Amino acid sequence: MARPVIAIVGRPNVGKSTVFNRIIGDRLAIVEDKPGITRDRLYGTGEWNGKAFSIIDTGGIEIDDDDEIMRSVRVQAELAIEEADVIIFMVDVKAGITHSDDEVAQMLFRSRKPVVLGVNKVDNDNRMNDVYEFYSLGFGEPIALSGSHGIGIGDLLDAATELLPVIEDDDYDEDVIRVALIGRPNVGKSSLVNALLGEDRVIVSNVAGTTRDAIDTPFEHEGQRYVLIDTAGMRKRGKVYESTEKYSVMRAMKAIERADVVLVLINGEEGIIEQDKHIAGYAHEAGKASIFVVNKWDVVEKDDRTMQEFTRNVREQFLFMTYAPIVFLSALTKSRLHKLLPVVNYVSEQHAMRIQTHLLNDIVSDAVAMTPPPSDKGKRLRINYVTQVSTKPPTIVCFVNDPQLMHFSYERYLENKIRAAFNFEGTPVRIYTRRKSEED
Ligand code: GDP
Ligand code: GDP
């Protein structure tokens with residue numbers, strides 16, 4: 001469910017990204033070897049003292065119009081104030097309090113957001129005396145850090161997570177499908193929202209979501225209830241925010257977290273660009289059901305092969321999401337729009353599907369009989385037992401003699417066999433390998 005957000009703010013070179021990387025640790029490395037997922041180190045997730053959170057390194061947000069540094073620091077602070085529940089304000093002990101530190105401090109102070117002050121580059125005890133100077137910024141006790149030595153990170157997280165609010169889960173009924181629309185600016189997100197809601201219909205109730213600024217829009221179609229997640233974010237455009245790719249990604253990320261089904265919009269007229277892959281990658285990693293919606297299909301010059309060719313292109317570009325169905329439509333003319341919601345219903349079911357253990361084991365035994373696992377130094381992987389431990393996304397655990405022997409390629413083979421038997425269309429399937437305990 002929705003995680004509260006921590007943002008790191010401060011001048012360039014105080015060590016924000018160093019500390020950010022310390023906080024997210026090895027987590028980012030996990031999926032890096034999978035094709036098609038490009039990482040930008042702006043947004044991560046973490047857990048501390050049992051509290052899960054998202055964390056943003058605002059230093060990673062490039063401001064397109066290249067004004068002087070102070071302007072960009074100011075904009076980053078604005079973003080943090082708008083998006084974050086807790087702000088880590090970072091300064092540099094070697095530099096002391098600079099004019100721009102003062103300016104950021106005033107902005108943060110006025111925002112009334114909870115702020116934790118981290119004084120970085122305190123690499124040794126000699127520097128400790130200099131830390132107290134930063135009391136004067138007015139954010140209470142400064143926390144001494146050394147990002148490069150990994151000192152003080154625990155204290156920083158203690159202080160920051162202490163201030164995190166508890167975010168209530170959405171209280172939508174189980175049968176309401178939560179849909180997020182994501183995609184780069186101008187791809188047609190707002191137009192598709194309007195098309196789905198019907199032009200004539202006045203939206204009577206905007207339900208305030210759990211996140212301060214998220215506005216969800218409920219609607220019903222053929223007896224199925226839906227809610228469009230964070231449609232306010234789409235309306236609140238303009239200014240500097242939309243101009244930065246990474247900001248849009250951040251916005252999308254928050255909507256994705258709260259959704260069941262993610263519509264990944266692609267501009268049919270312009271084709272696929274790198275940014276589309278970043279955005280889709282987040283939906284994949286978050287374990288959501290996804291559909292590629294190729295919009296603006298009305299303006300594409302077509303013959304009888306165009307759709308097939310576009311499909312092949314999507315498959316090639318999004319190798320990591322071959323499970324996601326593709327719907328071609330026009331939000332503007334509403335042509336083929338009627339095809340979308342049935343697919344939403346379908347992938348939502350697949351995302352929530354639970355396979356009985358004996359059926360799953362039958363399929364896996366057959367798969368193993370057909371292609372036995374490779375052996376490594378004379379030792380062969382033995383799969384004792386397979387079970388689906390959760391849904392949304394379907395998550396399967398394989399109990400084996402030695403998890404080290406499970407290779408990525410064999411896991412992929414099992415996934416393909418499981419999909420061939422049960423489909424799971426539109427949803428990622430997670431497979432974990434665990435050692436079978438000695439007793440059983
Ligand atoms: P950012 O611009 O605020 O994200 O800062 P970076 O994380 O890129 O760090 C800027 C520079 O400060 C780099 O050269 C880092 O190696 C260095 N740095 C970061 N943390 C520390 C630290 O704890 N001690 C020292 N001495 N240098 C640090
Ligand atoms: P958003 O930034 O993703 O919310 O995109 P908008 O919904 O604001 O659409 C951006 C522009 O694309 C607007 O001028 C729309 O009229 C246009 N547009 C949206 N969907 C379609 C479509 O299906 N066909 C055509 N031709 N134009 C579209």
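Both backbone and side-chain heavy atoms feed into the values below; hydrogens, waters and symmetry mates do not. This one's a predicted model, so the numbers in the text were calculated from it and none came from an experiment. For ligands, and for the atoms within them, numbers begin at 1 and follow the listed sequence.
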Legend entry - Contact atoms of ligand 2, heavy-atom distance to Val299 under 4.0 Å: 26 (N)

Legend entry - Short side-chain to backbone donor-acceptor contact, Asp276 and Ile273, under 3.5 Å: yes

Inset, instruction - Answer yes or no: does an N/O atom from Leu329 fall short of 3.5 Å to an N/O atom of ligand 2? - result: no

Inset, instruction - With heavy atoms of Asp298 as the reference, note each atom of ligand 2 found under 4.0 Å away. - result: 22 (C), 23 (O), 24 (N), 25 (C), 26 (N)

Inset, instruction - Test ring-ring contact (aromatic ring centres under 6.0 Å, His included) on Phe424 and Tyr323 and set out the steps. - result: CA-CA 8 Å; Phe424 286 123; Tyr323 54 78; over 10 Å; no

Inset, instruction - Quick one, list the residues around ligand 1 where some non-hydrogen atom comes in under 4.0 Å, by chain and residue number. - result: Arg11, Pro12, Asn13, Val14, Gly15, Lys16, Ser17, Thr18, Lys94, Asn120, Lys121, Asp123, Ser146, Gly147, Ser148

Inset, instruction - Could you say whether the N/O atoms of Leu192 and ligand 2 ever approach to under 3.5 Å? - result: no

Inset, instruction - Please identify which atoms of ligand 2 are closer than 4.0 Å to at least one heavy atom of Ser330. - result: 22 (C), 23 (O), 24 (N)

Inset, instruction - Please determine which of Thr427, Ile291, Val343 meets the side-chain contact (heavy atoms from CB on, under 4.5 Å) test together with Val261. - result: Ile291

Inset, instruction - Before accepting this row, confirm whether a basic side-chain N of the pair Asp216/Arg258 lies closer than 4.0 Å to the acidic partner's carboxylate O. - result: yes

Legend entry - Those atoms of ligand 2 less than 4.0 Å from some heavy atom in Lys189: 1 (P), 2 (O), 3 (O), 4 (O), 5 (O), 7 (O)

Legend entry - Polar side-chain atom of Thr391 near backbone of Pro393 as donor-acceptor pair, under 3.5 Å: no

Scan the side chains in residues 147-159 for donor-acceptor partners under 3.5 Å anywhere in the protein, sequence neighbours excluded, and list what turns up.
from   : atom 1 : to     : atom 2 : distance (Å)
His149 : ND1    : Ser146 : OG     : 3.0
Asp158 : OD1    : Trp48  : NE1    : 2.7
Asp158 : OD1    : Asn49  : ND2    : 3.2

Inset, instruction - Could you tell me whether the side chain of Asp101 and the main chain of Ile97 form a donor-acceptor pair under 3.5 Å? - result: no

Legend entry - Beyond-backbone contact of Ile6 with Ile87, side-chain heavy atoms, under 4.5 angstrom: no

Inset, instruction - Tell me, please, which residues at least two apart from Arg127 pass salt bridge (charged side-chain N to carboxylate O under 4.0 Å, His left out). - result: Asp130

Can you give me every donor-acceptor pair (side chain of residues 296-305, partner residue at least two apart or in another chain, under 3.5 Å) with its distance?
from   : atom 1 : to     : atom 2 : distance (Å)
Lys296 : NZ     : Asn186 : O      : 2.8
Asp298 : OD1    : Ser330 : OG     : 2.9
Lys302 : NZ     : Trp297 : O      : 2.4
Lys302 : NZ     : Val300 : O      : 3.0
Asp303 : OD1    : Arg305 : N      : 2.8
Asp303 : OD1    : Thr306 : N      : 3.3
Asp303 : OD1    : Thr306 : OG1    : 3.3
Arg305 : NE     : Glu309 : OE2    : 3.4

Inset, instruction - Indicate yes or no: does an N/O atom of Pro185 lie under 3.5 Å from an N/O atom of ligand 2? - result: no

Legend entry - Ligand-side contact atoms (ligand 2) for residue partner Ser191, heavy atom cut-off under 4.0 Å: 6 (P), 7 (O), 9 (O), 15 (C), 19 (C), 20 (N)

